[in-house]
Amino acid sequence: MQRFGLSANWDNVWVVFSPFTTLWYLKFLRVGFKHCFVILEDNGYFFIVDPLASKIELMSFHILGDRLINEFKNLGMNVVKVSINKENSASWKFGIFTCVEVVKRILGISSLRVITPYQLYKYLLK
């Protein structure tokens with residue numbers, strides 16, 4: 001049996017930044033950066049972790065990675081390839097439940113200054 005989880009050694013990890021939202025209060029965020037979610041790849045299987053306001057959607061795909069990434073780019077989304085920080089040992093993290101906070105926890109980022117999707121995008125590009 002193959003074990004999946006954040007302790008797994010993912011082959012590739014991407015963060016996707018979306019310009020789309022249906023929540024009125026997110027319209028004040030920077031254009032192009034209203035929402036974010038994560039794509040994890042393991043042995044050709046792709047898992048999307050999409051933290052929404054009311055739930056977390058988990059989806060799995062078995063398609064070519066370039067095709068999946070290009071589909072998001074064609075929809076006008078920014079896609080950043082990243083790696084998970086396995087060295088982060090902070091046992092307690094404070095944060096409001098947002099898409100950014102969920103993505104930060106998946107990636108092992110504990111910066112309190114990263115609050116919006118655009119701030120996360122800039123942080124990841126460093």
Asks: Tell me, yes or no, whether the heavy-atom count around Leu125 atom CG, taken from other residues, nucleotides or ligands under 6.0 Å, exceeds 12.
Replies: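 Counting neighbours around CG of Leu125, more than 12 heavy atoms of other residues, nucleotides or ligands fall under 6.0 Å, so yes.
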Asks: I want to check something: taking the side chain as every heavy atom from C-beta on, are Tyr118 and Tyr123 in contact at a cut-off of under 4.5 Å?
Replies: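 The answer is no; the side chains never approach within 4.5 Å.
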Asks: Side chains of Val38 and Ile48, heavy atoms from C-beta outward: is any pair under 4.5 Å?
Replies: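 Answer no - side chains too far apart.
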Asks: Is a donor on one side and an acceptor on the other found under 3.5 Å between the side chain of Gln119 and the backbone of Ile115?
Replies: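 Present.
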Asks: In the structure I gave you, are the side-chain heavy atoms of Ser60 and Tyr45 within less than 4.5 Å of one another anywhere?
Replies: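 Counting from C-beta outward, Ser60 and Tyr45 never come under 4.5 Å.
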Asks: Nearest heavy-atom pair of Gly32 and Pro19: which atoms, and what distance?
Replies: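 That would be CA-CB, 3.6 Å.
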Asks: Would you name the heavy atoms of Leu52 and Phe97 that are closest together and state the gap between them?
Replies: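 Looking at all heavy atoms of both residues, the closest pair is O-CE2, 3.7 Å.
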Asks: Between His35 and Thr21, is a side-chain contact (heavy atoms from CB on, under 4.5 Å) present by the stated rule, with each step listed?
Replies: CA-CA 7 Å; His35 179 63; Thr21 184; 5.7 Å; no
Asks: List the atom of Ala53, the atom of Leu23, and the distance in Å for their closest heavy-atom pair.
Replies: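 Nearest pair, atom of Ala53 first, then Leu23: CB-CD1, 3.8 Å.
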Asks: Under a 4.5 Å cut-off applied to non-hydrogen side-chain atoms, are Val114 and Lys104 in contact?
Replies: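 Sidechains of Lys104 and Val114: in contact.
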Asks: Is Met77 close to Val16 at the side-chain level, that is, under 4.5 Å between some pair of heavy atoms?
Replies: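 They are in side-chain contact.
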Asks: Is the backbone N or O of Asn12 less than 3.5 Å from a side-chain atom of Lys81, with the two atoms forming a donor-acceptor pair by type?
Replies: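 Looks like no, no N/O pair under 3.5 Å.
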Asks: If two hydrophobic side chains count as joined below 4.5 Å and joins carry through other members, does Leu29 share a cluster with Val103?
Replies: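 In one cluster: no.
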Asks: Could you check whether any side-chain heavy atom of Val49 comes within less than 4.5 Å of a side-chain heavy atom of Leu58, counting everything from C-beta outward?
Replies: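 Side chain of Val49 against side chain of Leu58, heavy atoms only: contact under 4.5 Å found.
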Asks: Looking at Val79, is its backbone amide N or carbonyl O close enough to the side chain of Lys73 to form a donor-acceptor pair, meaning the two atoms are under 3.5 Å apart?
Replies: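 No, Lys73 side chain to Val79 backbone: no donor-acceptor pair under 3.5 Å.
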Asks: Is the closest side-chain heavy-atom distance between Cys36 and Leu120 below 4.5 Å?
Replies: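 Yes, at least one pair of side-chain atoms sits under 4.5 Å.
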Asks: Going by heavy atoms in the side chains, are Pro117 and Lys34 under 4.5 Å from each other?
Replies: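 Of all side-chain heavy-atom pairs linking Lys34 with Pro117, none is under 4.5 Å.
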Asks: What pair of heavy atoms forms the shortest contact from Ile96 to Glu101, and how long is it?
Replies: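 Minimum heavy-atom contact is O-CB, 3.3 Å.
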Asks: Pair Leu124, Val15 - check side-chain contact (heavy atoms from CB on, under 4.5 Å), show working.
Replies: CA-CA 9 Å; Leu124 295 174; Val15 178; 3.8 Å; yes
Asks: Please determine whether residues Leu26 and Phe20 belong to a single hydrophobic cluster, defined as Ile, Leu, Val, Met, Phe, Trp and Tyr linked transitively by side-chain heavy-atom distances below 4.5 Å.
Replies: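 As far as the 4.5 Å side-chain criterion goes, Phe20 and Leu26 are not connected within one cluster.
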Asks: Is it true that Phe33 and Tyr121 have ring centroids separated by less than 6.0 Å?
Replies: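 Centroid distance Phe33-Tyr121: below 6.0 Å, so yes.
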Asks: Compute the ring centroids of Phe17 and Phe72, then answer whether they are less than 6.0 Å apart.
Replies: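 When the ring centroids of Phe17 and Phe72 are compared, they turn out to be at least 6.0 Å apart.
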Asks: Quick check: Trp10 with Phe47 (ring centres under 6.0 Å apart)?
Replies: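 Yes - the distance between ring centres of Phe47 and Trp10 falls below the 6.0 Å cut-off.
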Asks: Other residues, nucleotides and ligands only: do more than 12 of their heavy atoms fall within 6.0 Å of NZ on Lys27?
Replies: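 Yes, enclosed.
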Asks: When you look at CG of Asp66, are more than 12 heavy atoms from neighbouring residues, nucleotides or ligands closer to it than 6.0 Å?
Replies: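 Incorrect, the count does not exceed 12.
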Asks: If you look at every heavy atom in Leu107 and Val82, which pair is closest and at what distance?
Replies: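 Smallest interatomic distance, heavy atoms only, reads CD2-CG2, 3.7 Å.
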Asks: Please walk me through it: do Trp14 and Ile69 pass side-chain contact (heavy atoms from CB on, under 4.5 Å)?
Replies: CA-CA 9 Å; Trp14 297 270; Ile69 300 305; 3.6 Å; yes
